[in-house]
Colleague: 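So that we are looking at the same thing, I have put the structure below in structure tokens.
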Amino acid sequence: MALDKTFDPKIIEEKHYQDWEKSGAFACEPQSDKTPYTIMMPPPNVTGSLHMGHALNTTLQDLLTRYHRMKGYDALWQPGTDHAGIATQMIVERMLDKEGTSRKELGREKFLERVWDWKEESGGTIVKQMRAIGATPDWERERFTMDEGLSRAVRKVFVQLYKEKLLYKDKRLVNWDTKLRTSISDLEVEHREIKGKFYHFRYPYEDGTGFISIATTRPETILADGAVAVHPDDEKYKDLVGKNVIVPIINRVIPIIADEHVQADFGSGAVKITAAHDFNDFEVYKRHPDAGIPLINLFTPDGKMNENCPEDYQGLDRFEARKKVVSDFEALGFLDKIEDHVNKIPYGDRSGTVVEPYLTDQWYVDAQTMAKPAIEAVETGKMEFVPKQWENTYFAWMRDIQPWCISRQLWWGHQIPAWYDDEGNVYVAETEEEAQAEAGADVKLTQDPDVLDTWFSSALWPFSTLGWPDKTPELDKYYQTDVLLTGFDIIFFWVARMMMMGMHFMDGEVPFKTVYMHALVRDEKGQKMSKSKGNVMDPLDLIEQYGTDALRFTMVAMAAQGRDIKMSEDRLGGYRNFATKLWNAARYCEMNDCLDKHDGFDPASVTYTPNKWLIHELVTATKEIEKAIDGYKFNEAANAVYGFVWGTYCDWYLEFSKPVLQDGGDAAEEVRQTTSWALEQILTLLNPFMPFITEELYASIAQREEGDRLLTSAWPVYDDGLLDDDAVKKMQWLQNIITEIRSVRADMHVPAGAKIDLLVKGACAETKEGFTAFEDVLLRMARLKSISHVEEVPKGSIQTVVGETTLILPIADIIDLDAERARLNKAIGKIDVDIGKIDAKLGNDKFVKNAPEAVIAEQKTRKEDALMKRGKFEKALEQLDC
RNA sequence: GGGCGGUUAGCUCAGCGGUAGAGCACUUGCUCGACACGCAAGGGGUCACAAGUUCAAUCCUUGUACCGCCCACCA
């Protein structure tokens, strides 16, 4: 095969992806008796494109899916896209605007055609981009929230909830987006801190005895004022309750009422009540049914003043009207003062315009009732959040949940399955025929023009995608899905609602056993990425630059629980290097005839210690990786595999192998086999993290049968009998010797290329054996000329200590006595610090009395070792001077 | 106003009761026939601050200070 010196991700990625997809291995196997493992992909907006959040989310899901597939589960990763009502409609409307037309001009039917066209045109983008990440969901099962099947589920849910009185129509205040001309839910409103004005106005008493002062941030709503409220216990206004005042400009007579909502010590302590334009005021209105407070709507749907306003106001924009009210008050002499005021103003998260409380008829879901089982499921552990702290957020919101406004005055979405006759009677049914049947054949019906909140259909995702309401084998096998991976920003929008709907419609079974909340991907300064800040990183650019495997590995390595991810390119570069490292390890194997050499290899049968040790380390690393993935500690899994591949296999094992392979001695064949075998194990372990390079190497390093891919290989299972502590001890000793000699050489400026002699003094029998067994390795890795055992230290040599052994480097001609003296003193100093610490503990009566035996014994051994080592260094120092 | 999270090496972050870790960056050597996207050896931290619990605290408790999120109707 002959591997190139470096590899080019671009060439291999597309090739393998196409091959994987064609192989059919992404598909779940409902008819198999394998244990299912199911993940529902959070459906991205159909017209969206891939951002860093998707890249993270997709990578982690793919890691889990691949890992479980390799472990022999029947893995279903259910993909699909969301119709994203508001977002998509906005895009198409913007397109129409550029063409000089509008949705109104087109009409509903034509407009919807345009949206479907746009969906067809751009809808494939994001799923293509997910393929670039290497994602392996069951694409054959891809769903769209407005597919016929899913739409049927939506209608069925709507009708059933309606029949159960968990869904109803109501007239109340909603958050109204004047730009999009639709209601939006509480969650779609974001409060921004805005520097505004606080206007103080005077309302004269009806009896002409003076005036009361009120303050407001929204003067335009004065035109709909229905009362003035004060606190019931407020002494300064006590006598005024029941009196009437006149609203200037419109000269409406309204009462002064007492209500707890008012804060006596804020503003003047008196508040205007505008029941149809303020959520609090609406509550006040409901608490005072006898006060005769009117409900007056001032605005048209697009935020202009309507016919309920004085004529000279009609048609003005709401903010123009605000100015006019102020100037009219000023002209009338009723303007008290204007103060600067910082206030939280509600904005529509999509449109970015100020949202108005607006009195309309809308459809609501009784979320409070539906939340109860969903709360209980988390309390009892049927569903678990990872990290656990998100439970609190979930509980806090669910326990205080408000009715969910599900109707939107849009066209793109699921049209509400409710029909009206001419008298306004409503017929809720899954089809028009059924509604007609209910109403009677001769009744003319009109369907509710509104559509449902997008999240209504996404809430059904875990079961609607599996075929519900039909009882499909897939629904039966995969429904209680294993884990949901998502960002915390949609815990309320989506997770909570899936819980409510899932439990209600699936006999109380939770839609997922675990919800893994991953972090937000931020820029390297920790700021949220946004187009306006210009700090957006495009995952596809990063793939182009570093390769998909590097991007994936970075995502996994940085996905620590409970912290946001600050994305830095340095890190990406590091993991790109890791991929290259792996590539070159394979090249080494190739050059040394260590490929495809492990046919029939039994890791339990090896006899050469470095091989035993490597196998031990591989088994240990594999356990660590499994434990980390099973616990959703993705970063730990990444570190474990990285450390093993680079730190253990490349830095040590392959180096150990060099002299053995070169000499071609007895151990060579076993080393060759172990090297070859271990490389393939590494590729397998690393495959869920870096699928492309591992697949490529897998294909290149051996003659494979048709259809033999890592994608469908089995995750390794090792016997604990492969663990070998004795081999670990021996290899640690060897590594210590090598490191120690290298360290001394570097300290003493021994030229890197110079080969020197090593004299060993005081070695015990076992150690001597070690020097013999690993002579070749030591000679090469420590750059030695020879190793011999001595009784006396020759003049002018350098000494150091490993365990009970003194290592002597007779390099009198090279060394600098002062430097050596300094080195030894430094070593002694370090030991003294240690001894000091240990003595402090052992000298403490309380420690000796209370600490566990093992801890005390450990301290004592440590001290003995330190003293022994110190003695040898002291001696070395003495000998230096003689 | 509530709630949550963070504060550990220059940077990005792990660790969370028994001698402080990684990657990157930095310093010094190295063309040792896999790899300079590399190898080897180093330097660098009173683990934000204060008090408490403990034989022992970066880790547990309480409080303080910053930083960041989320939720909430002070007009």
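Just so it is clear, the structure is predicted and the values come from calculations on it, not from any experiment. Letters A, B, ... are given to chains in the order of the sequence lines, protein chains preceding strands, and every chain is numbered from 1.
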Colleague: Quick check: does any side chain N or O of Arg742(A) sit under 3.5 Å from a backbone N or O of Met781(A), one acting as donor and the other as acceptor?
Modeller: yes
Colleague: Pick the P atom in rU58(B) and in rG52(B), then give their distance to the nearest Å.
Modeller: 14 Å
Colleague: In whole Å, what separates the C1' atom of rG10(B) from that of rU64(B)?
Modeller: 28 Å
Colleague: What distance, rounded to whole Å, do you find between the two P atoms, one in rA22(B) and one in rG6(B)?
Modeller: 23 Å
Colleague: Heavy atoms only, 4.0 Å cut-off, all strands: where does Lys272(A) land among base, sugar-phosphate and nothing?
Modeller: nothing
Colleague: Measure the acute angle between the ring planes of Phe488(A) and Trp390(A), then classify it against the limits of 30° and 60° as parallel, tilted or perpendicular.
Modeller: parallel
Colleague: Mind checking the P distance from rC24(B) to rC49(B)? Whole angstroms is fine.
Modeller: 29 Å
Colleague: Any base atoms under 4.0 Å from Ala851(A), or only sugar-phosphate, or nothing? Heavy atoms, all strands.
Modeller: base
Colleague: Please state how far atom CH2 in Trp583(A) lies from atom P in rA34(B), giving the value in whole angstrom units.
Modeller: 17 Å
Colleague: Give the nucleotide from the list rC55(B), rA75(B), rA72(B) with an atom nearest to the side chain of Lys846(A).
Modeller: rC55(B)
Colleague: Taking the nucleotide of RNA chain B with the closest heavy atom to each, which residue, Tyr642(A) or Phe279(A), is nearer the 5' end?
Modeller: Tyr642(A)
Colleague: Contact class for Arg745(A) vs. all strands (heavy atom < 4.0 Å): base, sugar-phosphate, or nothing?
Modeller: nothing
Colleague: Distance check needed: rC4(B) P versus Phe385(A) CZ, whole Å only.
Modeller: 16 Å
Colleague: Roughly how many Å is it from CD in Glu193(A) to C1' in rA72(B), rounded to a whole number?
Modeller: 13 Å
Colleague: In whole Å, measure the gap between the C1' atoms of rC30(B) and rA36(B) for me.
Modeller: 11 Å
Colleague: Asn584(A) side chain to Arg587(A) main-chain N or O, any donor-acceptor pair under 3.5 Å?
Modeller: no
Colleague: The side chain of Val271(A) is closest to which nucleotide in this list: rC4(B), rA75(B), rA34(B)?
Modeller: rA75(B)
Colleague: Could you tell me whether the phosphate oxygens of rA14(B), OP1 or OP2, come under 4.0 Å of any side-chain nitrogen or oxygen in Lys633(A)?
Modeller: no
Colleague: So which nucleotide does rU46(B) pair with, by the Watson-Crick or G-U wobble rule with both distances under 3.5 Å?
Modeller: none
Colleague: Would you say the side-chain atoms of Asp225(A) pair up with the backbone N or O of Ala227(A), donor to acceptor, closer than 3.5 Å?
Modeller: no
Colleague: Do the non-hydrogen side-chain atoms of Tyr237(A) and Val228(A) ever get within less than 4.5 Å of each other?
Modeller: no
Colleague: Rounded to whole angstroms, how far apart are CG on Asp593(A) and P on rG33(B)?
Modeller: 19 Å
Colleague: Counting the atoms with a prime plus P, OP1 and OP2 as sugar-phosphate, which does Asn844(A) contact under 4.0 Å by heavy atoms, base, sugar-phosphate, or nothing?
Modeller: sugar-phosphate
Colleague: CD1 of Ile682(A) versus P of rA34(B): gap in Å, rounded?
Modeller: 17 Å
Colleague: Would Arg576(A) count as a cation-pi partner of Tyr546(A), with NZ or CZ less than 6.0 Å from the six-membered ring centre and within 45° of the ring normal?
Modeller: no
Colleague: On a heavy-atom basis, which atom in Ala270(A) and which in Ser213(A) lie closest, and how many Å separate them?
Modeller: CB-O, 3.6 Å
Colleague: Starting at the 5' end of RNA chain B and moving along, which residue's nearest nucleotide shows up first, Gly267(A) or Val189(A)?
Modeller: Val189(A)
Colleague: Regarding Val262(A), tell me which of base, sugar-phosphate or nothing describes its non-hydrogen contacts under 4.0 Å with the strands shown.
Modeller: base
Colleague: Counting only side-chain heavy atoms from C-beta out, which of rC30(B), rG18(B), rA75(B) sits nearest to Phe847(A)?
Modeller: rG18(B)
Colleague: Side chains of Thr648(A) and Glu617(A): any donor to acceptor distance under 3.5 Å?
Modeller: no
Colleague: Just to be sure I understand the rule, does Arg783(A) reach a base, reach only the sugar-phosphate, or reach nothing, if contact means heavy atoms closer than 4.0 Å?
Modeller: base
Colleague: Using distance alone, with no hydrogens and no angle criterion, decide if Ser185(A) and Glu188(A) have a side-chain donor and acceptor under 3.5 Å apart.
Modeller: yes
Colleague: Hey, are the side chains of Phe689(A) and Asp549(A) touching, using non-hydrogen atoms and a 4.5 Å cut-off?
Modeller: no
Colleague: With P as the reference atom in both, quote the distance from rC39(B) to rA34(B) in angstrom, rounded to an integer.
Modeller: 13 Å
Colleague: Scan every strand shown for a Watson-Crick or G-U wobble partner of rG23(B), both distances under 3.5 Å, and answer none if you come up empty.
Modeller: rC11(B)
Colleague: Scan nucleotides 36-42 of chain B nucleotide by nucleotide, 5' to 3', and note B when protein non-hydrogen atoms come under 4.0 Å of the base, S if they reach only the sugar-phosphate, - if neither.
Modeller: SBSSSSS
Colleague: Does Asn280(A) get its side chain close enough to the base of rC73(B), under 3.5 Å, for a donor-acceptor pair?
Modeller: yes
Colleague: Atom CZ of Phe282(A) to atom P of rC73(B): distance rounded to whole Å?
Modeller: 16 Å
Colleague: Could you tell me the Watson-Crick or G-U partner of rU61(B), where both distances fall under 3.5 Å? Say none if there is no partner.
Modeller: rA51(B)
Colleague: Mind checking His200(A) for me? I need base, sugar-phosphate or nothing, with any heavy atom below 4.0 Å counting as a touch.
Modeller: nothing
Colleague: Going by purine N1 to pyrimidine N3 plus the second Watson-Crick contact, or the G-U wobble pair, all under 3.5 Å, which nucleotide sits opposite rC69(B)?
Modeller: rG3(B)
Colleague: Please report the distance, rounded to the nearest Å, between NE2 in His277(A) and C1' in rC73(B).
Modeller: 17 Å
Colleague: Suppose you measure atom P in rA72(B) against the same atom in rG3(B); what distance do you get, rounded to whole Å?
Modeller: 15 Å
Colleague: Using the P atom as the reference point in each nucleotide, state the distance between rA9(B) and rG23(B) in Å, no decimals.
Modeller: 16 Å
Colleague: Can you tell me how far P of rU19(B) sits from NZ of Lys863(A), to the nearest Å?
Modeller: 17 Å
